[in-house]
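The structure appears below as structure tokens.
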Number of protein chains: 2
Amino acid sequence: MSQTVDRALSILPLLAEGPADLGQVADRLGVHKSTALRLLRTLHEHGLVYRQSDQRYRLGARLFALAQEAMENLDVREIAHPHLVRLNENCGHTVHLAVYEENEVLYIDKVESRYPVRMYSRIGKPVAITVAAVAKLLLADLPEHERRAVAEKLDYPSYTARSTPNAAAFLRELEKVREQGWATDLGGHEESINCVAAPIRGADGRIVAAMSVSAPNVVVTADELLTLLPLVRRTADAISGEYSGRTPVKGTV
Amino acid sequence: MSQTVDRALSILPLLAEGPADLGQVADRLGVHKSTALRLLRTLHEHGLVYRQSDQRYRLGARLFALAQEAMENLDVREIAHPHLVRLNENCGHTVHLAVYEENEVLYIDKVESRYPVRMYSRIGKPVAITVAAVAKLLLADLPEHERRAVAEKLDYPSYTARSTPNAAAFLRELEKVREQGWATDLGGHEESINCVAAPIRGADGRIVAAMSVSAPNVVVTADELLTLLPLVRRTADAISGEYSGRTPVKGTV
DNA sequence: AGCAGTGTTGCAATTCTTGCAACACTCATT
DNA sequence: AATGAGTGTTGCAAGAATTGCAACACTGCT
């Protein structure tokens with residue numbers, strides 16, 4: 001582990017909170033101003049940090065571009081996308097695709113609802129991991145000890161009365177989800193929004209991603225939404241088949 | 001400028017192209033494997049890099065989270081958002097907000113069209129800088145020499161027959177945009193999509209962001225879209241007023 | 001004008017990084 | 001089964017790169 005790089009990278013989350021000037025950065029890093037300056041300069045050269053007109057630093061444009069590019073190169077995403085679109089054309093609701101990665105679950109694709117009432121979410125945004133249907137699927141597939149470890153570490157915010165209250169309840173829910181092979185979120189994140197989700201599996205049977213259909217109560221009831229489950233599962237299975245059948249592209253680029 | 005950090009950061013764009021293993025990274029960096037390993041480890045600790053099951057590295061989830069967080073903390077975005085939503089409610093079309101930063105223009109907010117036909121774009125994605133209406137406005141405001149320098153450096157892809165063909169034409173267009181104070185893109189990016197854009201200015205009169213309304217031909221003709229120009233400009237001006245009137249919040253946290 | 005606050009540079013000490021070479025490990029092949 | 005190629009990993013010593021200092025610019029205030 002490199003100390004210099006470690007310090008430089010520590011600047012990024014710091015600036016994500018909001019712009020900061022040289023002194024503030026140096027203080028929070030616990031280094032001399034001149035050191036902070038040189039680190040910031042290096043970050044700047046790579047476009048990860050931008051210096052605004054008031055001389056303060058904030059995160060730079062290249063960061064967004066990098067994130068976008070990385071996302072678009074994800075194999076699952078590429079394969080899944082047309083399926084998601086087709087599903088959206090069939091049912092009209094918002095369709096999400098999400099992956100798990102080191103204690104975070106995040107949306108990597110989204111097709112917006114055709115209905116005027118939309119739910120708030122954004123590609124790249126970490127999802128409410130304790131309640132989202134896709135998160136339950138992704139976590140349920142972890143090896144038992146790891147699942148436990150993650151569940152203990154999490155916070156359990158009470159978004160609504162039906163939010164998962166604590167680790168024990170979450171682990172029970174994960175066990176159920178694991179057995180039935182699909183998951184729901186019925187108003188656990190936002191009072192009036194329900195989701196049904198199904199897993200996408202790789203060749204080895206492990207879950208590599210999860211997809212969901214979400215709709216607000218005012219458009220369809222939870223029961224009506226549940227009737228879409230077979231369709232969602234079929235779509236997920238189709239993606240799984242295509243994903244695992246494919247020989248991994250080992251580009252030498 | 002720090003060599004170590006420089007090398008570490010060079011890994012990111014490399015991985016943005018696609019996953020790579022240790023050897024590939026070391027080669028492309030021109031350093032020993034052990035060095036590359038230690039850099040990758042540091043990046044990994046910060047979540048910027050993820051090690052997938054086949055041991056290859058790719059960009060990590062934290063990168064997306066950082067980009068998201070940074071975006072949501074942008075002052076202009078925060079102020080503009082409700083205005084964009086209102087504009088969308090009035091006209092029904094897709095509304096974009098974009099900023100310029102070191103040779104790139106990128107969308108920082110978007111409100112989707114109410115019509116079923118949507119245009120492809122994504123928050124955080126760099127825009128087609130040579131044709132987009134918002135890009136014209138943002139570049140037109142640069143000091144003359146810088147504008148020239150940027151225009152020379154750019155590529156001019158022929159998205160459609162009406163795309164800006166070269167630097168000379170682009171500079172002429174920028175001059176026109178600069179004088180009239182608004183911009184359009186009539187099928188320059190995608191054959192059937194038109195946009196009108198207006199600038200958002202800070203207290204000093206400089207353009208800090210630009211917003212646009214976009215719609216495909218099949219919904220409204222270019223002429224009809226142009227009738228929205230006054231509304232777009234009024235919205236942009238309202239945002240400008242609110243943005244420049246506000247005293248900068250100097251939070252210590 | 002003078003002053004406080006902030007950002008910037010040259011330099012010497014020493015810390016931190018680097019490359020090497022040897023070692024583990026996995027996987028495919030004979 | 002065993003060998004070998006390919007890849008990832010670690011300890012160590014040499015040397016290079018980073019660090020903090022202190023002095024210097026610069027800007028905006030009082």
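To find a chain, count down the sequence lines: A is the first, B the second, and so on, and within it residues start at 1.
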Checklist entry - For the helix from C/dA1-D/dT30 to C/dT30-D/dA1, what is the angle between the axes at its two ends, each from 5 pairs, rounded to 10°? => result 30°
Checklist outcome for this item: Rounded to whole Å, CG of B/Asp21 lies from C1' of D/dG8 at a distance of 10 Å
Next on the checklist: Run the ring-ring contact (aromatic ring centres under 6.0 Å, His included) test against A/Tyr100 and tell me which residues pass, sequence neighbours left out.
Outcome noted: none
Checklist entry - Partners of B/Gln55 by side-chain hydrogen bond (donor to acceptor under 3.5 Å, both in side chains), sequence neighbours excluded? => result none
Item to check | B/Gln24 CD - D/dG6 C1' separation (whole Å) | outcome: 13 Å
Item to check | B/Leu174 versus B/Leu139, closest heavy-atom pair with distance | outcome: CD1-CB, 4.0 Å
Item to check | Annotated protein contacts, base or backbone, on nucleotides 12-30 of chain D with a non-hydrogen cut-off under 4.0 Å, one of B, S, - each | outcome: -----SSBBB---------
Item to check | Distance in angstrom units between A/Arg51 CZ and C/dG7 P, rounded | outcome: 7 Å
Item to check | Validation row: A/Arg201, A/Arg206 side chains within 4.5 angstrom (heavy atoms) | outcome: no
Item to check | For B/Arg148, all residues meeting side-chain hydrogen bond (donor to acceptor under 3.5 Å, both in side chains), sequence neighbours excluded | outcome: B/Glu144
Checklist entry - What's the CG-C1' distance between B/Leu22 and C/dA24, to the nearest Å? => result 15 Å
Item to check | Protein-nucleotide distance (B/Leu37, atom CG; C/dA24, atom C1'), rounded to Å | outcome: 14 Å
Next on the checklist: Would you say B/Thr42 and B/Arg38 are linked by a side-chain donor-acceptor pair, where the criterion is simply a distance under 3.5 Å?
Outcome noted: no
Item to check | Phosphate OP1/OP2 of D/dT10: any B/Arg41 side-chain N/O under 4.0 Å | outcome: yes
Checklist outcome for this item: Atom CG of B/Leu29 and atom P of C/dT18 are separated, to the nearest Å, by 10 Å
In a table with atom names and distances, give each donor-acceptor pair under 3.5 Å that connects a side chain of residues 58-70 of chain A to protein atoms at least two apart or in another chain.
from, atom 1, to, atom 2, distance (Å)
A/Arg58, NE, A/Gln52, OE1, 3.0
A/Arg58, NH1, B/Glu101, OE1, 3.3
A/Gln68, OE1, B/Arg122, NH1, 3.2
A/Gln68, NE2, B/Ile123, O, 2.9

Checklist entry - Do A/His96 and A/Asp109 meet the criterion of a side-chain donor-acceptor pair at a distance under 3.5 Å? => result no
